[in-house]
Every structure is written in C-alpha cells, then in structure tokens.
Amino acid sequence: MQTEINRVGAVGGRVVVHTGSCVHGNHANRDLREMIVNQYAASAEVPKKSAKFIQWESDWKQGADSLIKHVKTLEFAQGDRVVLLLEPPAGEGKKLGWHLKQIEYIFAHMPPQVGFCLDTCHAFAAGACRFSSSEEVETFFADLGKALGGIHKLKLIHLNDSEGVFGSMKDLHASLTQGHIWNDEKHLDGLVSLWLLAQKLNIDIVSEVGAQADIDVMRQLSQ
C-alpha cells in the first residue's frame, strides 16, 4: 500500500481500496440486516439490542479499529492533498463500511489525506440510497457528508447500475439504465441530480463497466 501511495501520489493520482471484511466476526451482515437497520434508524423508539447485534457491532468496530491502525502507519507527502480513497462495499458477507454508522466511525479517525469513494451500485445494494429522485440523492449526500465530517471528503464516484435489487447486499455491477437503479424513466431524475451535484462539488466520476451504453448515457448527461 505504501508503495502504491508513493507511486500514484507522485503523479497526482489517488489510490482506491475497499474497506475490507471483519473475517473474525460470527455473523454475516445479511443475517442481521433488518435488525441493524432498526437499531441505526433515526427513531426515538429503538428496540433493545439483542446479543447477536451486540456481538456484530463489537466485531465490526474491532475490524474498523484494525483498518484505522494500519492506515495510520502509512506515510503521506507533506500537505493535506487526498491520496488514498476508501470505498465501502455492498455489505456482502462480513464486509465492513456498508452502513453510514460504520463510515462515520472510520472517518472520525482518518488522517486528512484519506478521502471517500462512492460506488452507486454498492450503496444501492447496501440499502443506503435508491438514487431514484433528486430528493433522495440530496438527502443521502447530506447524511454522507455528516458521516464523513464534510462532503468535501467525497472525491470520486464509481457510477454503476446494479444487477441486484435494493438492499440485496450483492456486488453486481450493471450498465447505466440496464440494472435495477435507473432502468425506469421515472428514476432518471435521480441520475441527473447525482451527475449535477457531482459537477457542482467537483467530484470525479468513473464508469467501471465501461460499456458503450455507459459512455452514451454519460455523454448525454454531460451535454
């Protein structure tokens, strides 16, 4: 990782890495998903924490602490230019970072040279945002900004549609308008809003699928 940071940083680029997995954990995210959503919901009536939830939360915090510890051993060039980007997963298996609570915990301890990469497929599959309307996109960006300690930490968007349905916790990329996020014309408002917001905030956008369909859609959005 240090070698990659040195190489990429020298030419002005950024290194993107996933936030990893809590391989020591006893519970997969999917098995407790409904319980997790209820516990972390912004509601006055939060159900009592079960033993499974307490264990799961302890496991992911242990994993997050390990991630934080290793990132802090890295050496960055002088200044606060963002060189390393952390990209959360779709929540499959025992993956770490798929929920805003986890992102908030991690970024509270990150050095200033570490930023955030948003993958729309991952966020959709994790149940974080549907991206189907301008209101949803704006609300999600506001919540993400709070978790990151400022939306300026968001430096890159991997613009992918999803073969999996909302909340499926499956990392299955699809071409734009050919997955479950933007295959309905009624939801294209969310895609346009996301594109315009990224332009306004000077956030880079990359298509990972890279099919001709993605190129055509992105060209239309940029007009």
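Proximity of Glu104 to Leu148: side-chain heavy atoms (C-beta onward) are nowhere separated by under 4.5 Å. Looking at heavy atoms from C-beta onward, Gln113 lies out of side-chain contact with Leu84 at the 4.5 angstrom threshold.
A distance of 10.5 Å separates CH2 of Trp56 from CE of Met35, quoted to the nearest 0.5 Å. Here the CG atom belonging to Leu100 is positioned 11.5 Å from the CZ atom belonging to Phe107, to the nearest 0.5 angstrom. Rounded to the nearest 0.5 angstrom, Ser162 OG and Leu176 CG are separated by 11.5 Å. Here Thr19 contributes atom OG1 and Trp98 contributes atom CH2; the two are 12.0 Å apart, rounded to the nearest 0.5 Å. In this structure, the separation between NZ on Lys61 and CD1 on Ile68 is 11.0 Å, given to the nearest 0.5 Å. Rounded to the nearest 0.5 Å, atoms CG (Leu191) and OG1 (Thr177) are 8.5 Å apart.
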Worksheet item: Run the side-chain hydrogen bond (donor to acceptor under 3.5 Å, both in side chains) check on Asp161 and Asn183 step by step: do they pass?
Response: CA-CA 9 Å; Asp161 215 313; Asn183 62 347; over 6 Å; no
Item to complete: Evaluate side-chain hydrogen bond (donor to acceptor under 3.5 Å, both in side chains) for Asp189 paired with Ser133, printing each intermediate quantity in order.
Response: CA-CA 5 Å; Asp189 177 52; Ser133 69; 5.5 Å; no
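For CD of Gln2, the number of neighbouring non-hydrogen atoms (other residues, nucleotides, ligands) closer than 6.0 Å is greater than 12. Atom CZ of Arg81 sits in a crowded spot, with more than 12 heavy atoms from other residues, nucleotides or ligands closer than 6.0 Å.
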Counting only pairs under 3.5 Å, give me each side-chain donor-acceptor contact of residues 216-223, with atom names and distances, residues two or more places apart or in other chains.
residue, atom, partner, partner atom, Å
Asp216, OD1, Gln212, NE2, 2.9
Ser222, OG, Met218, O, 3.3
Ser222, OG, Arg219, O, 2.9

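Grouped by direct or indirect side-chain proximity (heavy atoms under 4.5 Å, Ile/Leu/Val/Met/Phe/Trp/Tyr only), Val16 sits with Val82, Leu85, Leu156, Val206.
Using a 4.0 Å cut-off between charged side-chain N and carboxylate O, Asp59 and Lys94 make no salt bridge.
In the hydrophobic cluster analysis, where Ile, Leu, Val, Met, Phe, Trp and Tyr join through side-chain heavy atoms closer than 4.5 angstrom, Val23 is grouped apart from Leu96.
The two atoms that bring Phe141 and Leu154 nearest to each other are CE2-CD2, 3.7 Å, heavy atoms only.
Considering Glu135, Arg130, Glu136 as possible partners of Ser132, the one that fulfils the side-chain hydrogen bond (donor to acceptor under 3.5 Å, both in side chains) test is Glu136. The side-chain hydrogen bond (donor to acceptor under 3.5 Å, both in side chains) test with Tyr40 is passed by exactly one of Lys101, His99, Glu57: Glu57.
With ring centers used as reference points, His122 lies under 6.0 Å from His18.
Remark: the backbone N or O of Gln55 is not paired with any side-chain donor or acceptor of Ser58 at under 3.5 angstrom.
Taking the six-membered ring where the residue is Trp, Trp182 and Phe131 present tilted rings, their angle falling between 30° and 60°.
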